[in-house]
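Since the structure comes first, as structure tokens, the remarks are kept for the end.
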Number of protein chains: 2
Amino acid sequence: MREDIHTTGIPALCVSCEARHRGVCGALSSDQLVALSKSTKRHKAEAGKELVSDSRSVERFANVLSGVVKLTKTLSDGRQQIVGLQFAPDFLGRPFQAESSLTAEAATEVELCSFPRQALERLMKEQPDLEHRLLEQKLRELDQARDWMVALGRKTAAEKIASFLLMIARNIDPAAGPERRSAAFELPLSRAEIADFLGLTIETVSRQITRLRGENVIRVENNRHVIVDDIGRLAARAGD
Amino acid sequence: MREDIHTTGIPALCVSCEARHRGVCGALSSDQLVALSKSTKRHKAEAGKELVSDSRSVERFANVLSGVVKLTKTLSDGRQQIVGLQFAPDFLGRPFQAESSLTAEAATEVELCSFPRQALERLMKEQPDLEHRLLEQKLRELDQARDWMVALGRKTAAEKIASFLLMIARNIDPAAGPERRSAAFELPLSRAEIADFLGLTIETVSRQITRLRGENVIRVENNRHVIVDDIGRLAARAGD
DNA sequence: CGATTAGTTGAGCCCGTTCAACCATCGTGG
DNA sequence: CCACGATGGTTGAACGGGCTCAACTAATCG
């Protein structure tokens, strides 16, 4: 149990919650946590569940506690692009705007801790540090979005796949510290979703993964489980 | 002269500054403006000037007062991607991070109002509304970045060019209100830069512009001046 | 078992790239 | 004044990476 954060008087729900450590709730005092937790709901959503719909008003925000959420945009003729992935303890929502311009969907089974937008916006006024945390989170999302713009605009299919696997490894592998040489993880996305993320087709994704497998850069079991023995070899193919 | 914003005691520099109306400085009281303006420098940079260099520490932030700034990322082998364009009165800088992961360059002649990062970070603590403005600005940038991810990943060359021209028209045309049927503007980017923005080559950009010209969707004078008589016809080709 | 869904593999095609020639504009110096 | 090179843009021809279309395999579930 960490000592640096006071745990007395904190709602039971929050005590072991990652959002209180690395997420936005870390900005809140125990009193504020108690107040917020009154309107807080913790729930699970199975893979595929739509969490936020395009151009529908959003009345709740949420912290991602586990699992992966994908943010997608769709053109009128059905072409889709995944514009972001969120992992615990990311904040899910677009403050200061009544309707969402994108769709959020559970990519894997997901645990959320949600609260009304009003509750959050009220808390932000009395606790500026909350807004600060939110700003930092959104700045990170912006950095990530821009990294993917480079991949989408300028990388080859092979580089896109390598970059994607690296990114997932860093976010998912339970204990992948900065100095790990190997990694293993479950892919949170299907081939179709990877294609929508990288601006490719299912077939190209499949072929490139097969290629990496053939060159012994990765091993794949049951389609979803990926093992990277030498992360450096994978990184060398990411292009940057 | 607007009545809704108090102008007595405001530094001369700031009186007619757009950043005070629609930009981040709007959060500041006249006292705070006076304090900030002591360490403020207003300056011009000609097109091509590098404003922020990749992985170099950034000691100043700035407001864009006029002109266009492009944000680029470069892969190790020289491939480039423009990951954002900034117009007045956008805020230029990445708070809470010592070094920049991208390069900012004047795309056209640019006027900036810059200030030390410390001055801004200090002011943010005493004036939470400043951080709020910054958050809103960054949220807009994030929305834009995601819109371009869709273009980069899923739109055809023709659609990319149409989307790009539309975006520029909305940002540059002096008086393009929401209900304008026509627009005219100077392109702030060269063909090469447009290519780097859209993930295309110079030749493809050129060909697509020629095509739009041939179909009388746009007129082009002197390579840079674009006239759109019917914005709807252009929008119909943007794909979304 | 067949039915369904997810992934792989193959063959051919097409959009955008590559490579190259050409054109327009502009500033410079003989 | 024109010749000159430099820069930025256009245009053409051929190539190729990734897409399309289609057949096939694997895993899951009734």
Side-chain angles (χ1 to χ4, degrees), chain A residues 46-48 70 75 77-82 105 107-108 151-165 186-215 218-226 237 239, chain B residues 46-48 70 75 77-82 105 107-108 151-165 186-215 218-226 237 239:
Chain A
E46 72 276 26
K70 60 173 182 168
L75 298 179
D77 64 357
R79 281 175 289 176
Q80 250 191 346
Q81 176 69 44
I82 296 183
E105 192 181 319
T108 63
L152 288 169
R154 290 303 186 198
K155 288 189 183 177
T156 65
E159 290 168 336
K160 286 178 179 179
I161 294 289
S163 306
F164 171 73
L165 292 176
E186 289 300 303
L187 279 180
L189 304 186
S190 68
R191 299 295 186 266
E193 290 171 318
I194 297 173
D196 280 346
F197 188 53
L198 299 176
L200 298 171
T201 57
I202 298 180
E203 294 93 329
T204 302
V205 170
S206 177
R207 278 186 255 266
Q208 294 300 336
I209 289 180
T210 305
R211 190 156 159 276
L212 284 178
R213 201 146 45 83
E215 294 169 337
I218 59 173
R219 282 179 289 150
V220 181
E221 289 165 8
N222 303 328
N223 286 337
R224 290 285 190 125
H225 191 71
V226 176
R237 292 165 200 251
Chain B
E46 71 276 27
K70 60 174 184 170
L75 299 178
D77 64 358
R79 280 175 289 175
Q80 252 191 344
Q81 176 68 44
I82 296 182
E105 193 180 319
T108 63
L152 288 169
R154 290 302 185 199
K155 289 189 183 177
T156 65
E159 290 168 336
K160 286 178 180 180
I161 294 289
S163 307
F164 171 72
L165 292 176
E186 288 300 302
L187 279 179
L189 303 186
S190 69
R191 299 295 186 268
E193 290 171 318
I194 297 174
D196 280 347
F197 188 54
L198 300 177
L200 298 171
T201 58
I202 297 179
E203 294 91 329
T204 303
V205 170
S206 179
R207 277 186 255 266
Q208 294 300 336
I209 289 180
T210 305
R211 191 156 158 276
L212 284 179
R213 200 147 45 84
E215 295 170 336
I218 59 172
R219 282 178 289 150
V220 181
E221 288 165 7
N222 302 327
N223 286 337
R224 290 284 191 126
H225 191 73
V226 176
R237 290 164 201 252

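Scope of the values below: all heavy atoms of this structure, side chains included, with no hydrogens, waters or symmetry mates. Note on naming: letters A, B, ... go to the chains in the order of the sequence lines (proteins, then strands), and numbering restarts at 1 for each one. Note that the structure is a prediction, hence the values are computed from the model and not measured.
Separating the C1' atom of C/dT17 from that of C/dC13 is a span of 16 Å, rounded to the nearest Å.
When atom types are taken as modelled, the side chain of A/Arg237 and the backbone of A/Ala162 share no donor-acceptor pair closer than 3.5 angstrom.
Using a cut-off of 4.0 Å between Lys/Arg side-chain N and Asp/Glu carboxylate O, B/Glu186 and B/Arg224 are scored as not salt-bridged.
Separating the NZ atom in A/Lys70 from the CD1 atom in A/Ile82 is a distance of 5.0 Å, to the nearest 0.5 Å. Atom CZ of A/Arg79 sits about 6.5 Å away from atom OG1 of B/Thr156, to the nearest 0.5 Å. Between the OG1 atom of B/Thr204 and the CZ atom of B/Arg211 there is a distance of 12.0 Å, given to the nearest 0.5 Å. In this structure, CG on B/Leu198 lies 8.0 Å from CD on B/Gln81, to the nearest 0.5 angstrom. Atom OG1 of residue A/Thr201 and atom CZ of residue A/Arg191 lie 13.0 Å apart, to the nearest 0.5 angstrom.
Taking every heavy atom of residues 196-203 of chain A and every atom of DNA chain D, pairs under 4.0 Å involve A/Gly199, A/Leu200, A/Thr201, A/Glu203, by number. A heavy atom lying under 4.0 Å from DNA chain D marks the following residues of residues 151-164 of chain A, by number: A/Thr156, A/Ala157.
Each of A/Asn222 and A/Val205 lies near DNA chain D, and the nucleotide nearest A/Val205 is the one positioned closer to the 5' end.
Residue B/Thr210 is in sugar-phosphate contact alone, with no base atom involved, counting any heavy-atom pair closer than 4.0 Å across all strands shown.
Rounded to a whole Å, the CG atom of B/Asn223 is 17 Å from the P atom of D/dT7. Taking atom CG on B/Leu189 and atom P on D/dG8, their separation rounds to 14 Å, with Å as the unit. Rounded to an integer number of Å, the gap from B/Gln208 CD to D/dT10 C1' is 13 Å. Computed from coordinates, the B/Arg207 CZ to D/dT10 C1' distance equals 9 Å when rounded to whole Å.
Sparse packing is recorded around CG of B/Asn222, with 12 or fewer heavy atoms of other residues, nucleotides or ligands lying under 6.0 Å away.
The side-chain contact (heavy atoms from CB on, under 4.5 Å) test with A/Ile194 is passed by exactly one of A/Leu165, A/Ile161, A/Ile202, A/Leu200: A/Ile161.
You can see that DNA chain C meets the heavy atoms of chain A within a 4.0 Å-exclusive cut from C/dG7 to C/dA11, reading 5' to 3'.
Considering only heavy atoms from C-beta on, B/Val205 stays 4.5 Å or farther from B/Lys160 through its side chain. Taking the side chain as every heavy atom from C-beta outward, A/Ile218 and A/Ile209 approach each other to under 4.5 Å.
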